[in-house]
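Report on one structure; see the data block that follows.
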Amino acid sequence: MAATGEYDFIICGGGTAGPVVAARLAEDTSLNILLIEAGEDNLELENTQMVGGWSLNFDGPHDWNLHSTPHPSTHARIQKLSRGKFLGGSSAVNGTLMVRGMKQDFDDWADPSTFNCPGWDSETMWHYFNKSETFHPDTDFETDWNSHGRSGPIHTTVHPNAPISDKVMESFVDKGLPVVPDMFASGETVEGCGHCTRSVWKGERMTGGEYLRDRFDESKRWRHNNVTKLFSQTVTRVMLNSNLQAIGVETLSSDSKKRIFRCRNEVILCLGSYNSPKTLLLSGIGPKEDLYEVGIQPLVDVPGVGKNLEDHLTVFAFYESKQGYTTDHLFQGNKFDTAREEWRISRSGTLSRSHFGAFAFTRLDQRLKKHKLWNDALEKSMKATGRDPMGLLPNQPHIEYFTTERYAAPKHYANPPPEGKSAFANIIELFSPRSRGYVKLASKDPKDNPVVQHNWLSDPLDVLVYSEACKLGAEIMLEGKGTRDLILGAWPPQAEHIGFTELEQWEKFVRENATTCFHPAGTCKMGPSSDPGSVVDARLRVKGVTGLRIADCSIMPKLNNGHPQAVAYAIGEKCADMIKEDWKIKLRGAKL
Ligand SMILES: Cc1cc2nc3c(=O)[nH]c(=O)nc-3n(C[C@H](O)[C@H](O)[C@H](O)COP(=O)(O)OP(=O)(O)OC[C@H]3O[C@@H](n4cnc5c(N)ncnc54)[C@H](O)[C@@H]3O)c2cc1C
């Protein structure tokens, strides 16, 4: 098998973080960079650009088609774990929400007494969040300009609310969550509600691909001549020499042809939280017992690879609403085709925007302190760490609420209201869960998806916090002054949650309904060498080898209390800067 190329840096994965690393390194025009992506270029893939087309990418050739392994805590339900397989990766299939999380989340990453990852504090992360972004505020939006960028490749906006979202905000305020302008970018408000930034501009979704090609440039040319883009090639392993130095990668094409690409400096894995650990394991880097299990000779025993899998859960509580508030009428009947035509012609209409509406953060201390389970755990955790049992300080929220502006949900919800009826959801998202899962190889065949066991809700405290959050969420919707008179009942009408009065009813509800928020993280955790579970150090270098880094959501030592795409961009930005420092690469080329 002959080598088919040699590059200074090889970036594996053209998703969210990968293109950032490639593009920033390419600012030095003397460098020769290869970016390898298993999926296609997204230029001709309409559903990666049409904001409302996101779920049409699921379950086909543009999805990795991963599934969770059943677990009794979620009633052995098998859940789809969609990930984008094209340029832009999961940023090209996501809900476009740019909820950065709290400043404290990143100060925890950096703090020696918590995750001990120097250089990952909030000030640094806000610098990189802003660097990746060009924010276009609405005229009457009160912008916190310290928390937005003006010249990054990812163009963002706020969303014009449908009437239902304004009514939901009224209920949030009525129930004690005040409106705080731009709180989801500023990262300082723990209890409040407001609008969040979206990775949408001029009716199009922004993806990691923007770093490589300016979508609004008529010519559609690539920004950098020194980045070779290789699509439809799956990286199957990192090649290590006898000194355990990464010297290249092996790839497989869809017609099963193997190729080898060599690198002079470094390989950077940006394959996401399921596939980065998978590729390390296929390369002989991981827990030795897991490798022996599938017949792979361990080269480096790194016990943390694939462990520490964290995810946010969401549960959708649907309500039927009076007519005139939601946007269901724009989708019912054959209106989807009309809406798509409108988007095609003018990049406007309902498919030019995401269907999420109002947002809120809150803590649940008052409710939780009624429970012995919580109080016992609180006493212990306060003594041990000064934090609550979820690992949070008082300036970090337990929960996010966000709502839809019509009946919209993951695919297993299949009860859209007929014409003449409207529905919306209050989505309850559990932050900082205690449950952790894992990613393991199913076999040594790189074509097989890995085994993913999330273990969601396996920790009783997660169930308690989540059930209380759902109960409060229902009170806000049913008693809050904006929504109490417009909600007609649950949707579908036979849904029982509308009548729930007891916490146990909500516990059953979350076990039966909670589903992934598509935020997997932590499977190649960053941490100091003293942490046996860490896979990369604070400069993102893989333990036990040289010339190999990871830059994607898998490196998060703990998920942000927010949504992860903005973090993925920031990780890519910071990784590129660290590589430049380490290799003393000078900027000679054009800036983005
Ligand atoms: C349906 C959905 C909705 C979401 N909604 C939001 C939201 O609204 N807001 C938010 O902040 N976050 C959201 N997220 C999460 C967010 O999009 C991801 O956390 C983030 O994009 C992950 O970035 P990443 O770089 O880690 O991985 P990815 O973006 O998944 O990139 C990995 C890339 O590597 C490629 N790849 C994988 N394996 C190989 C291989 N072996 N060889 C070559 N290439 C390979 C993949 O095809 C992909 O392009 C959502 C995610 C999904 C799926």
Above 12 or not: heavy atoms from other molecules or residues under 6.0 Å from CD of Glu479?
-> yes
Can you tell me if Glu210 uses its side chain to pair, donor with acceptor, with the backbone of Thr207 under 3.5 Å?
-> yes
Verify, without hydrogens or angle tests, whether Asn57 (side chain) and Trp54 (backbone) share a donor-acceptor contact under 3.5 angstrom.
-> yes
May I ask you to check whether Gln565 and Thr16 show a side-chain donor-acceptor distance below 3.5 Å?
-> no
Please indicate whether Glu496 has more than 12 foreign heavy atoms, meaning atoms of other residues, nucleotides or ligands, lying under 6.0 Å from its CD.
-> no
Between Arg363 and Asp388, does at least one N-O distance fall below 4.0 Å, as a salt bridge requires?
-> yes
Side chain proximity check, Ile285 to Leu548, heavy atoms < 4.5 angstrom = yes
Distance (rounded to the nearest 0.5 Å) between Asp121 CG and His127 NE2 = 11.5 Å
Could you walk me through whether Lys80 and Asp63 pass the salt bridge (Lys or Arg N to Asp or Glu O under 4.0 Å) test, one step at a time?
-> CA-CA 10 Å; Lys80 294 176 178 175; Asp63 186 351; over 6 Å; no
Please round to the nearest 0.5 Å and tell me the distance separating atom CD of Gln79 and atom CG of Asp311.
-> 9.0 Å
For this output row, return yes or no: ring centroids of Tyr319 and His497 closer than 6.0 angstrom.
-> yes
Enter the distance from Ile154:CD1 to Thr96:OG1 here, rounded to the nearest 0.5 Å.
-> 12.0 Å
How many angstroms lie between CZ in Phe356 and CG in Leu97, if you round to the nearest 0.5 Å?
-> 5.5 Å
Correct closest heavy-atom pair for Gly357 and Ser165 would be CA-OG, 3.1 Å
Within a strict 4.5 Å, meaning less than it, do heavy atoms of the Pro178 and Val173 side chains meet?
-> no
Note, Tyr466 side chain near Trp506 side chain (heavy atom, < 4.5 Å) = no
Greater than 12 external heavy atoms within 6.0 Å of Lys383's NZ | no
Over 60° means perpendicular and under 30° means parallel, so classify the ring planes of Phe106 and Trp109, tilted if in between.
-> perpendicular
Taking 4.0 angstrom as the limit, do Lys558 and Glu310 come out as a salt bridge?
-> no
Would you sort out whether Leu177 and Ile476 count as a side-chain contact (heavy atoms from CB on, under 4.5 Å), showing the intermediate values?
-> CA-CA 10 Å; Leu177 302 174; Ile476 295 171; 4.3 Å; yes
So do Phe172 and Val179 actually touch side chain to side chain, heavy atoms under 4.5 Å?
-> no
Listed by chain and number, what are the side chain to side chain donor-acceptor pair (under 3.5 Å) partners of Asn426, not counting sequence neighbours?
-> none
At what distance, to the nearest 0.5 angstrom, does CE of Met125 lie from NZ of Lys574?
-> 8.5 Å
For the side chain of Ser171 and the backbone of Gly480, is there at least one donor-acceptor N/O pair under 3.5 Å apart?
-> yes
Any donor and acceptor pair, going by atom type alone, linking the side chain of Glu405 with main-chain N or O of Ala162 inside 3.5 Å?
-> yes
Under 3.5 Å: donor-acceptor pair, side chain of Arg77, backbone of Arg511 = yes
Are Asn560 and Asp105 close enough that a side-chain donor and a side-chain acceptor fall under 3.5 Å?
-> no
Mind checking whether Phe141 and His195 have parallel, tilted or perpendicular rings, split at 30° and 60°?
-> perpendicular
What are the two closest heavy atoms between Trp126 and Gly101, and how far apart are they?
-> CH2-O, 3.6 Å
Between the side chains of Tyr438 and Asp290, does any donor sit under 3.5 Å from an acceptor?
-> no
Apply the test side-chain hydrogen bond (donor to acceptor under 3.5 Å, both in side chains) to residues Asp107 and Ser122: give CA-CA distance (whole Å), side-chain angles for both, the deciding distance (0.1 Å), then the verdict.
-> CA-CA 5 Å; Asp107 290 331; Ser122 59; 3.0 Å; yes
Is a side-chain N or O of Asp174 found less than 3.5 angstrom from the main chain of Lys481, in a donor-acceptor match?
-> yes
Give a yes or no on whether the backbone of Ser273 and the side-chain of Thr523 come within a donor-acceptor separation of less than 3.5 Å.
-> yes
Do you see a donor-acceptor pair shorter than 3.5 Å between the side chains of Thr314 and Glu429?
-> no
Check whether any side-chain N or O of Arg83 sits under 3.5 Å from a backbone N or O of Asn275 as a donor-acceptor pair, and report yes or no.
-> no
Any Ile550 side-chain heavy atom under 4.5 Å of Leu280 side chain | yes
Does the side-chain contact (heavy atoms from CB on, under 4.5 Å) test come out yes or no for Phe359 and Glu400, once each step is laid out?
-> CA-CA 7 Å; Phe359 291 74; Glu400 179 182 83; 4.2 Å; yes
Derivation and outcome, side-chain hydrogen bond (donor to acceptor under 3.5 Å, both in side chains), residues Arg205 and Asn94 | CA-CA 9 Å; Arg205 163 199 298 280; Asn94 71 17; 3.1 Å; yes
Between the side chain of Ser276 and the main-chain N/O of Leu271, is any donor-acceptor distance below 3.5 Å?
-> yes
Looking only at heavy atoms, which two atoms of Gly437 and Asn455 are closest? And how far apart?
-> CA-ND2, 3.6 Å
The ring pair (Phe, Tyr, Trp, His ring centres under 6.0 Å) partner of His563 among Phe361, Phe518, Phe402 is Phe402
So, for Leu81 and Ser68, which heavy atoms are closest and what is the spacing to 0.1 Å?
-> CD1-N, 3.5 Å
Minimum side-chain heavy-atom gap Arg387-Gln396 below 4.5 Å = yes
Do other residues, nucleotides or ligands put more than 12 heavy atoms under 6.0 Å from Glu475 CD?
-> yes
Atom pair NZ (Lys167) and CG (Asn161), whose distance is rounded to the nearest 0.5 Å = 12.5 Å
Chi angles and distances behind the side-chain contact (heavy atoms from CB on, under 4.5 Å) call for Val535, Asn308 | CA-CA 11 Å; Val535 175; Asn308 190 47; over 6 Å; no
Which heavy-atom pair separates Gly84 from Ser90 by the least distance, and what is that distance?
-> N-OG, 3.5 Å
Are Arg100 and Ser147 side-chain neighbours, meaning at least one heavy-atom pair lies under 4.5 Å?
-> yes
Derivation of the side-chain hydrogen bond (donor to acceptor under 3.5 Å, both in side chains) call for Glu133 and Thr156 | CA-CA 7 Å; Glu133 182 192 34; Thr156 64; 2.7 Å; yes
Within the distance-only criterion (no hydrogens, no angle test), does the side chain of Ser435 pair as donor or acceptor with the backbone N or O of Trp456 below 3.5 angstrom?
-> no
Does Asp537 reach the side chain of Ser529, with side-chain heavy atoms less than 4.5 Å apart?
-> no
How far apart are the C-alpha atoms of Lys103 and Asn395, what are their side-chain angles, what is the distance that settles it, and do they pass the side-chain contact (heavy atoms from CB on, under 4.5 Å) test?
-> CA-CA 9 Å; Lys103 287 194 167 151; Asn395 60 356; over 6 Å; no
Donor-acceptor side-chain pairing of His371 and Glu468 below 3.5 angstrom = yes
Determine whether the side chains of Asp108 and Thr114 contain a donor N or O and an acceptor N or O closer than 3.5 Å.
-> no
